[in-house]
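Everything on this sheet refers to the single structure shown next.
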Amino acid sequence: MRVLVTGGAGYIGSHVVKALGERGHEIAVYDNLSSGNRWAVLYGDLIHAELEDSNVLKSVLVNFKPDAVMHFAAHIIVPESVRNPLKYYLNNTVNTINLLRLMRECNVGLFVFSSTAAVYGIVETAPVPEGAPLHPINPYGTSKMMTESVLADLALADQDFRYTSLRYFNVAGADGSGRIGQAYRESTHLITRSLKTAKGEFPKLEIFGTDYPTPDGTCIRDYIHVDDLADAHILALDYLTGGGGSQVMNCGYGHGYSVRQVVEMAKKVTGVDFRAEDAPRREGDPPELVADSRKLKNMLGWKPGFDDLEYIIKTAWQWERKRS
Ligand code: UDP
């Protein structure tokens, strides 16, 4: 297969490129390197260009002639999306629509889309199934939800277009051999922040909210290892190539860990008893966000290989320690 991977130099994209490369697919990565890195592209050619540049994008579609496009290029910082919504709607929604238009002009009909559990908003049910109502609470989640609507309409109207939209839960960990990992310096994610605190980059970790209706009062999330997520993308591609119809699927393990459990595990893995302080709730955090991932397992045959918080944090720590 020839696969065009937008955002393939980023955290999740680079792990998918690795998985595609290991399976012998031909890859072209399209990335503006705004948050990705050239060294993260382990397979295929890198085209350093803007997604909004229709001329370059079209020439890549014409010349590389991909069988499928996997689309990771997006902005993903929730607070930034609140401050600067147009940036999110323009890149995550408008640029994706433009990519779809060019794909169809060039007769490319298979699409794997990076979506997010943020489309659900504050959920009442755990685990949350794909059919749950979508009530995103920030422009990031809305920008992804809008794109999902476009995809659904396009697939209805156009027999030759099929897609899978993969809704990611809390992606974490790094390549087991330590070559690639989360390289975004300003990451505010819990595991990255905990490890950077263990490294001494921050004086303390704040635990945002300790009075949630959960067993230990802190929020519960479904942490999925990035290599298992990459594997889900390979299966989604195989499914589409094999003639499968358009689908939306949750990507998570179906169970979660509390913030305190993650912090304890980060202390165990690093061997550093770093400072972790109780702090007020962070706005917009649902108490529990766990994937009902039966669809991914039953329909695609996905079998997680790394459903183990210790392994997730170990690989993230191995990666984090390699970084200056
Ligand atoms: N969290 C925390 N301290 C931090 C970062 C995150 O207590 O420094 C909590 C956050 O409030 C949420 C959970 O950890 O309950 C996971 O947050 P993260 O930002 O990693 O992912 P999200 O679920 O928001 O996508």
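Both ligands and their constituent atoms are indexed starting at 1 by order of listing.
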[atom]: which protein heavy atom is closest, and how many Å away?
atom	result
atom 24 (O) of ligand 1	Arg282 NH2, 2.7 Å
atom 1 (N) of ligand 1	Phe208 CD1, 3.7 Å
atom 11 (O) of ligand 1	Asp285 OD2, 2.5 Å
atom 20 (O) of ligand 1	Leu190 N, 2.8 Å
atom 25 (O) of ligand 1	Asn170 ND2, 3.7 Å

(message) Using 30° and 60° as the class boundaries, would you call the ring planes of Phe161 and Tyr163 parallel, tilted or perpendicular?
(response)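 Answer is parallel, since the angle falls under 30°.
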
(request) Indicate whether any N or O donor in one side chain lies under 3.5 Å from an N or O acceptor in the other, for Ser54 and Asn98. (result)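 Checked: Ser54/Asn98 side chains pair up, N/O donor to acceptor below 3.5 Å.
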
(request) State, without any angle test, whether Glu22 and Tyr43 hold a side-chain donor-acceptor pair at a distance under 3.5 Å. (result)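 Checked: Glu22/Tyr43 side chains show no N/O donor-acceptor pair below 3.5 Å.
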
N/O donor-acceptor pairs under 3.5 Å from side chains in residues 128-139, not counting sequence neighbours:
unit_1, atom_1, unit_2, atom_2, d
Glu130, OE2, Asn250, N, 2.8
Asn138, OD1, Tyr140, N, 3.4
Asn138, OD1, Gly141, N, 2.8

(request) Let me see the working for Met299 and Leu235 under side-chain contact (heavy atoms from CB on, under 4.5 Å), right down to the final yes or no. (result) CA-CA 10 Å; Met299 205 171 245; Leu235 294 169; over 6 Å; no

Proximal atoms of ligand 1 relative to [X] (non-hydrogen, under 4.0 Å):
X	answer
Thr188	5 (C), 19 (O)
Ile207	7 (O)
Cys219	15 (O)
Leu205	8 (O)

(request) Using a 4.0 Å heavy-atom threshold (strictly under), name the region of Tyr223 that reaches ligand 1: side chain, backbone, both or neither. (result)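 Side chain only; the backbone of Tyr223 stays clear of ligand 1.
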
(message) Heavy atoms only: which of Arg281, Glu206, His189 lies closest to atom 8 (O) of ligand 1?
(response)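 Answer by nearest heavy atom: Glu206.
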
(request) Out of Thr116, Val259, Thr218, indicate the one that has the non-hydrogen atom closest to atom 14 (O) of ligand 1. (result)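 Closest candidate by heavy-atom distance is Val259.
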
In a table with atom names and distances, give each donor-acceptor pair under 3.5 Å that connects a side chain of residues 287-297 to protein atoms at least two apart or in another chain.
unit_1, atom_1, unit_2, atom_2, d
Asp292, OD1, Arg294, N, 3.1
Asp292, OD1, Arg294, NE, 3.1
Asp292, OD2, Arg294, NE, 3.4
Asp292, OD2, Arg294, NH2, 2.7
Ser293, OG, Gly252, O, 2.9
Ser293, OG, Lys297, NZ, 3.2
Lys295, NZ, Gln247, OE1, 2.9
Lys295, NZ, Val248, O, 2.9
Lys297, NZ, Tyr253, O, 3.4

(request) Please confirm whether Phe202 comes under 4.0 Å of ligand 1, counting heavy atoms of the residue only. (result)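 Contact absent.
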
(message) For a 4.5 angstrom cut-off between non-hydrogen side-chain atoms, does Trp39 reach Arg179?
(response)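 No. Closest side-chain heavy atoms not under 4.5 Å.
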
(request) Locate the shortest heavy-atom distance separating Ala174 from Asp227; write the atom from each residue and the value. (result)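 Here Ala174 and Asp227 meet closest at O-OD2, 4.2 Å.
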
(request) Give, for atom OG1 of Thr96 and atom CD of Glu148, the distance between the pair rounded to the nearest 0.5 Å. (result)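 Reported value, rounded in 0.5 Å steps: 11.5 Å.
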
